[in-house]
Amino acid sequence: ALDPTGKGKISVWKLRDLLENLHADRNPLGTCALANEFKFRAVRVELLQENGQLGEEMEFGKVIQTLGIHVVGVHGLPYPQMLERVEKITYFGQVAAVSKMTSLFRSLRDRSAAQAESEGELASEQRRASKGERQGKARRRVQDEGKAEEEEGTEQR
């Protein structure tokens with residue numbers, strides 16, 4: 001199901017499914033990347049940067065290699081590659097943090113907008129209700145005044 005065409009590629013959108021299946025099989029490739037949401041975002045950003053644009057398919061080999069490097073860590077690399085890898089991890093971590101903050105900001109903004117809209121609708125309904133009450137009171141007052149005038153007219157006759 002992860003590679004329905006059998007081309008050795010996986011959609012970016014199926015990455016979490018792959019990692020969850022690996023984790024369910026107690027494979028460290030899945031467990032490491034799913035350690036927390038931040039780690040997953042960093043891995044995902046790295047795979048997107050390394051394998052192309054969003055919505056494209058990624059080669060399984062590159063995905064497994066990237067996941068393997070995350071499991072082993074930078075200590076499994078020669079020193080020059082280790083330095084380069086530390087810079088990359090830092091960059092991907094920063095991008096993941098910005099992505100998470102942007103997501104939180106948008107959800108709060110959308111929630112605030114929806115809340116303001118619902119409060120605006122509630123205020124409109126309250127204004128309409130109070131206007132209706134005022135109009136009802138005014139009608140009753142006019143009717144009461146009309147009855148009072150009729151009673152005065154009847155008493156004078």
For a quick test of your reading: what N or O donor-acceptor pairs under 3.5 Å do the side chains of residues 78-92 make, sequence neighbours left out?
{"unit_1": "Arg85", "atom_1": "NH1", "unit_2": "Glu46", "atom_2": "OE2", "d": "2.5"}
{"unit_1": "Arg85", "atom_1": "NH2", "unit_2": "Glu46", "atom_2": "OE1", "d": "3.2"}
{"unit_1": "Arg85", "atom_1": "NH2", "unit_2": "Glu46", "atom_2": "OE2", "d": "3.2"}
{"unit_1": "Arg85", "atom_1": "NH2", "unit_2": "His70", "atom_2": "NE2", "d": "3.2"}
{"unit_1": "Thr90", "atom_1": "OG1", "unit_2": "Val86", "atom_2": "O", "d": "2.8"}

Less than 3.5 Å apart, which donor and acceptor atoms pair up between the side chains of residues 24-33 and the rest of the protein, not counting sequence neighbours?
{"unit_1": "Asn27", "atom_1": "OD1", "unit_2": "Leu29", "atom_2": "N", "d": "2.9"}
{"unit_1": "Thr31", "atom_1": "OG1", "unit_2": "His23", "atom_2": "ND1", "d": "3.0"}
{"unit_1": "Thr31", "atom_1": "OG1", "unit_2": "Asn27", "atom_2": "O", "d": "3.2"}

Give the table of side-chain donor-acceptor pairs shorter than 3.5 Å for residues 61-69, with sequence neighbours excluded, one pair per line with atom names and distance.
{"unit_1": "Thr66", "atom_1": "OG1", "unit_2": "Lys62", "atom_2": "O", "d": "2.9"}

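Side-chain contact between Val98 and Met101 is absent, with no heavy atoms from C-beta onward closer than 4.5 Å.
As a member of the Ile/Leu/Val/Met/Phe/Trp/Tyr network built from side-chain separations under 4.5 Å, Phe105 groups with nothing else and remains a singleton. In the hydrophobic clustering, Val72 connects to no other residue, as no ILVMFWY side-chain heavy atoms lie under 4.5 Å from its own.
Judged as a salt bridge (charged side-chain N to carboxylate O under 4.0 Å, His left out), not a single pair has a partner in residues 96-109 (not counting sequence neighbours).
With hydrophobic clusters built from ILVMFWY side chains whose heavy atoms lie under 4.5 angstrom apart, Leu77 does not share a cluster with Val43. Residues Met58 and Val71 fall within the same hydrophobic cluster, defined by Ile, Leu, Val, Met, Phe, Trp and Tyr side chains chained together at heavy-atom separations under 4.5 Å. Val45 and Leu48 are not part of a single hydrophobic cluster, where members link through side-chain heavy atoms under 4.5 Å apart.
By the side-chain contact (heavy atoms from CB on, under 4.5 Å) test, Phe60 is found to be paired with Leu2, Asp3, Ile10, Leu18, residues two or more places apart in sequence or in another chain being considered. Remark: Glu37 engages Arg16 in a salt bridge (charged side-chain N to carboxylate O under 4.0 Å, His left out) (not counting sequence neighbours).
What you find for Ala96 and Ala42 is that their closest heavy atoms are CB-N, 3.7 Å.
The line from CD of Gln115 to CG of Leu108 is 11.0 Å long, rounded to the nearest 0.5 Å. In this structure, the separation between NZ on Lys14 and CD on Glu57 is 8.5 Å, given to the nearest 0.5 Å.
With hydrogens and angles ignored, the 3.5 Å screen pairs no side-chain donor or acceptor of Ser99 with any backbone N or O of Val95.
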